[in-house]
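Below is one structure, written out as structure tokens, with a few remarks after it.
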Amino acid sequence: MDRLQKVMAEAGVASRRKCEQFIAEGRVKVNGTTITELGYKVDPTRDDIEVDGKKIEKERTVYYLLNKPTGVITSVSDPQKRKTVIDLMKGVKERIYPVGRLDYDTSGLLLLTNDGDFANHIAHPSHELDKVYEATVKGRIAEPALEQLRRGVRLEDGMTAPALAEFIRYQKKNDTSMIHLTIHEGRNRQVRRMCEAVGHHVVQLRRIRLAFLTLEGTVEGTYRLLTPSEVNRLRSM
Ligand code: URA
């Protein structure tokens, strides 16, 4: 959702100031109703906007997969002026935003779109989409800790749902273990907190899969469009 005058200006109607004037003069309709309120919020992909009885083109819906590097925040803007995932989406004109989030220090698969329904659908925990994380943790992780991750661990915001936890390898050189953890929830810093709860600090975290989507074919820091069939498949899940 965005301010009406901003959407109008970006659609090429006129300058932002001029668009505000049009609104105040009662020349603008949203879904058939005259809007004179300046902060009025619209969805540029769905709402019908008319200026002097002429419809403006809706924004097309777009869907991207970004291979997020660490050191970037999952947000459209940052008051602290840190780099955001939107800064990485060079060449994208639509007002996209991230679906769910990855921590500043987490890398990997992130979807971005301007389709609100799609974003809600994907992010909704009841749809139980697999999210697979590759976590490198401190120490040698043993079977009881993995078993606890699978059954669920008690965090301050409650028990976690059953998960898949697979041991990948132990690296003697830096005394770390790599595991793959598949979860369906999306609580704040969930994987880090789950691992911490079973006694293993996460030193590196990467999301490697979301439902059937993987990072294959995208270099870190780059993005690709989802294909129409990928979008349809995600919608039907
Ligand atoms: N779990 C975390 O701890 N961090 C993320 O970024 C994603 C899942």
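Throughout, residue positions are numbered sequentially from 1 according to the sequence presented. In listed order, ligands and their atoms are each counted from 1.
Protein heavy atom nearest atom 1 (N) of ligand 1, with residue, atom name and distance: V191 N, 3.1 Å.
Between L213 and L109 the shortest heavy-atom distance is O-CD1, 3.3 Å.
For ligand 1, the atoms lying closer than 4.0 Å to a non-hydrogen atom of T106 are 4 (N), 5 (C), 6 (O). Less than 4.0 angstrom separates some heavy atom of D103 from each of these atoms of ligand 1: 2 (C), 3 (O), 4 (N), 5 (C), 6 (O). Every atom of ligand 1 with a heavy atom of Y133 under 4.0 Å away is listed here by number and element: 7 (C), 8 (C). Contact atoms of ligand 1 toward Q190: 1 (N), 2 (C), 3 (O) (distance under 4.0 Å to a heavy atom of the residue).
The side-chain contact (heavy atoms from CB on, under 4.5 Å) test with C195 singles out one residue from V203, L205, I179, and that residue is I179.
No cation-pi contact links R206 to Y133, judged by a cut-off of 6.0 Å to the six-membered ring centre and 45° from its axis. Because its NZ or CZ atom is not both nearer than 6.0 Å to the ring centre of F118 and within 45° of the ring axis, R235 does not count as a cation-pi partner of that residue.
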Apply salt bridge (Lys or Arg N to Asp or Glu O under 4.0 Å) to E20 and R3, showing your working.
-> CA-CA 10 Å; E20 287 176 354; R3 294 162 82 86; 5.9 Å; no
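Annotation: R193 places no N or O atom under 3.5 Å from an N or O atom of ligand 1; distance criterion only.
With respect to the salt-bridge test (charged N to carboxylate O, under 4.0 angstrom), the residues K68 and E220 do not qualify.
If you look at V202 next to ligand 1, there are no close heavy atoms at all, none under 4.0 Å.
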